[in-house]
Amino acid sequence: MDGGWGWMVLIGAFFSYFIVDGWAYSFGMMFPEAVDQFDESKGNTALVPTLMYALPMIISPFVCALTAVCGCRKVAICGSVITSLSFIVASLSSTFSLFCVSIGLFSSIGLAMIYVPSFVAVTCNFEKLRGLATGLAVTGSGLGSFAFPPLIIFLMETYAWRGMLLIMAGICLNLLVFGALYRPVTENRHTEVLSVNIVEEVENTELHSCNLKPHETELQVMANENIVKTSGVTEANSMHDSIIAFQEQEKPETTHSQSPHLDDVNSVPFVNTCQGFVKVFWHELHNLVCAMFDKSVLTNGPFLWFCGVNFFIFLWISVPYVYLVDKALLLGIRHQPEFLLSAIGIARTVGQILVGVVGDRPQVSSNFLYGFSIAVTGLATALVPVCMNYTSLAVYAATFGLFVSVTYVLPMMCLVEIITLEKATNAFGLLQFVQGMGTLIGTPIVGYAFDRSGDYDISFIIAGVWILGSGLALCPMPCILKYAQKRH
């Protein structure tokens with residue numbers, strides 16, 4: 001722990017985030033080309049990035065259950081292969097439907113299978129330095145978002161979009177190597193794995209993965225050391241404590257000779273049959289979902305308000321990632337429009353650091369900071385129609401990236417304030433699901449609106465007003481929480 005091979009795991013996670021989020025947040029560079037190549041409406045074409053942003057959050061319970069059963073290394077390697085194959089198929093696609101299914105659906109599944117194990121692998125390999133390690137790992141996301149837009153443009157200009165996708169397939173195969181680095185912690189290895197009798201234990205209902213309350217020490221780490229300050233990988237956060245709790249609960253008491261088969265420390269059970277795998281996976285998934293929809297969480301008024309407001313935030317929060325470059329091209333800006341997305345990426349990285357520092361101060365309410373920053377993001381977005389040149393759009397991109405960083409840093413800290421530390425992890429899974437559904441519904445709306453009106457001005461104004469209103473709705477949350485505490 002806190003050294004040795006853990007640093008190699010950290011390097012693997014850093015470059016995984018660098019590649020995965022670098023691509024995901026650079027699709028806006030390919031958006032105009034996809035519209036032209038397949039002769040599709042902007043609304044239909046927007047389904048591709050919408051699925052990339054929304055699906056990993058929606059399917060996170062499935063991926064977390066899979067990680068709990070198979071381990072970080074295996075899931076990450078499978079995710080890299082799925083992602084690479086999806087790019088190869090997309091490069092050969094002759095119809096938009098095939099392109100959408102390969103990039104929008106299957107690559108999103110692959111990305112989710114890289115996000116979750118990358119985050120869990122780092123947290124499993126570090127204890128005292130966990131906050132530092134996680135912070136270093138997720139900086140790969142912002143740096144990837146900065147580096148990939150110009151790379152995508154260069155590859156498209158040199159090899160066309162099909163060649164670019166083939167090269168991206170090769171780049172994504174490197175994720176296989178980085179996933180292979182997620183080997184188990186060597187210290188006390190034999191005490192960190194399960195015996196081959198795990199399937200029989202499932203049948204006897206002796207597993208208590210997510211029905212158990214997560215260890216408070218793990219939750220304290222998440223709250224106090226800000227482990228959950230991930231970039232595009234926040235869907236991993238909601239479940240990783242349950243995985244850790246499962247591992248701690250199910251440590252075998254047998255000797256080494258009684259457990260001849262050893263799997264990853266990051267893998268929970270060793271399952272040597274297909275039937276056993278299905279049973280353990282279904283059990284894990286059932287418990288994770290039950291924990292997400294806990295009655296005490298669903299009956300908490302401030303939490304429901306927080307979730308509802310976040311749904312409307314995420315209806316529109318992905319709009320700049322998808323449409324800002326296309327807006328610049330419509331204004332006649334042909335010189336380096338890709339750096340608008342790069343500006344969002346680097347500003348978001350700086351913002352994550354600054355928000356983390358400010359949010360750690362006890363006198364600062366995470367909910368107020370979250371609401372205020374979202375309101376500024378909305379105000380800036382509503383003013384995009386008055387940005388008529390490259391400089392003003394670049395200023396907007398930097399402002400958006402700086403303040404939107406709170407959506408990656410503060411949600412878990414906000415939930416700790418709202419429903420206490422003990423329930424925050426399970427509630428975070430539900431929050432991620434709500435945010436994913438908002439993204440899935442809202443992002444294509446702007447494309448369809450453009451198809452009808454012919455410009456993005458009205459869409460950016462509407463998106464900005466909704467985001468602004470949602471942020472203002474969260475600003476009074478500290479007062480609401482004090483009132484709720486007095487009532488109880």
Side-chain angles (χ1 to χ4, degrees), residues 17 56-57 60-61 63-64 115-116 118-120 122-123 126 130-135 137-138 141 210 213-245 288 291-292 294 296-297 300 302-311 313-314 317 348 351-362 364-374 404-436 438 474 477-478 481:
Y17 296 152
M57 290 188 281
S60 62
V63 180
C64 288
Y115 284 143
V116 176
S118 296
F119 179 80
V120 175
V122 172
T123 60
F126 289 88
R130 186 173 288 161
L132 173 63
T134 307
V138 300
S141 172
C210 288
K213 295 178 180 178
H215 290 235
E216 184 171 339
T217 53
E218 290 294 329
L219 289 170
Q220 287 285 0
V221 169
M222 296 180 74
N224 298 333
E225 296 185 13
N226 302 320
I227 287 180
V228 294
K229 295 175 184 178
T230 63
S231 51
V233 296
T234 51
E235 66 277 0
N237 306 344
S238 59
M239 306 301 176
H240 102 280
D241 280 311
S242 300
I243 296 170
I244 300 298
L288 288 168
M292 283 173 56
D294 183 78
S296 62
V297 173
N300 186 290
F303 169 73
L304 295 178
W305 177 256
F306 187 79
C307 273
V309 172
N310 270 272
F311 175 81
I313 292 172
F314 277 77
I317 205 70
R348 197 182 74 216
Q352 286 177 258
I353 298 172
L354 294 178
V355 171
V357 172
V358 176
D360 273 343
R361 296 181 178 274
V364 176
S365 167
S366 296
N367 279 278
F368 176 80
L369 182 59
Y370 185 82
F372 174 79
S373 299
I374 290 297
V404 83
S405 62
V406 296
T407 60
Y408 304 96
V409 177
L410 293 182
M412 185 66 175
M413 299 172 70
C414 292
L415 292 179
V416 170
E417 288 184 356
I418 294 172
I419 57 173
T420 74
L421 199 61
E422 182 180 339
K423 302 174 184 177
T425 305
N426 296 338
F428 190 79
L430 181 58
L431 175 64
Q432 286 285 284
F433 181 82
V434 170
Q435 291 173 338
L474 290 178
M477 184 63 77
L481 294 176

Worksheet item: Given the rule in the side chain to side chain contact (heavy atoms under 4.5 Å, CB included) test, do Val434 and Phe306 qualify, once you have shown the distances and angles that lead to the verdict?
Response: CA-CA 10 Å; Val434 170; Phe306 187 79; over 6 Å; no
Practice prompt. Go through the steps to decide whether Asn310 and Thr407 satisfy the test side chain to side chain contact (heavy atoms under 4.5 Å, CB included), and finish with yes or no.
Written response: CA-CA 9 Å; Asn310 270 272; Thr407 60; over 6 Å; no
Practice prompt. Output, in order, the C-alpha distance, side-chain angles, deciding distance and verdict of side chain to side chain contact (heavy atoms under 4.5 Å, CB included) for Ile374 and Leu474.
Written response: CA-CA 9 Å; Ile374 290 297; Leu474 290 178; 5.5 Å; no
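In this structure, CD on Gln432 lies 10.0 Å from CG on Leu430, to the nearest 0.5 angstrom. The OG atom of Ser405 sits 10.0 Å away from the CD1 atom of Ile353 when rounded to the nearest 0.5 Å. The line from CD1 of Ile418 to CG of Asn367 is 4.5 Å long, rounded to the nearest 0.5 Å. In this structure, Ser373 OG and Phe368 CZ are separated by 9.0 Å, a value rounded to the nearest 0.5 Å.
Shortest non-hydrogen contact noted between Leu369 and Val406 is O-CG1, 4.5 Å.
Contact annotation: the side chain of Tyr115 never approaches that of Val63 to less than 4.5 Å [non-hydrogen atoms, C-beta and beyond]. The side-chain heavy atoms of Tyr370 and Met413, taken from C-beta on, include no pair separated by under 4.5 Å. With a 4.5 Å cut-off on side-chain heavy atoms, Leu415 and Pro411 do not count as touching. Looking at Arg348 and Ser141, their side chains come closer than 4.5 Å, going by heavy atoms from C-beta outward. Side-chain contact check for Ser365 versus Met477: every heavy-atom pair is 4.5 Å or farther apart.
Not a single donor-acceptor pair under 3.5 Å links the side chain of Gln435 to the backbone N or O of Met57.
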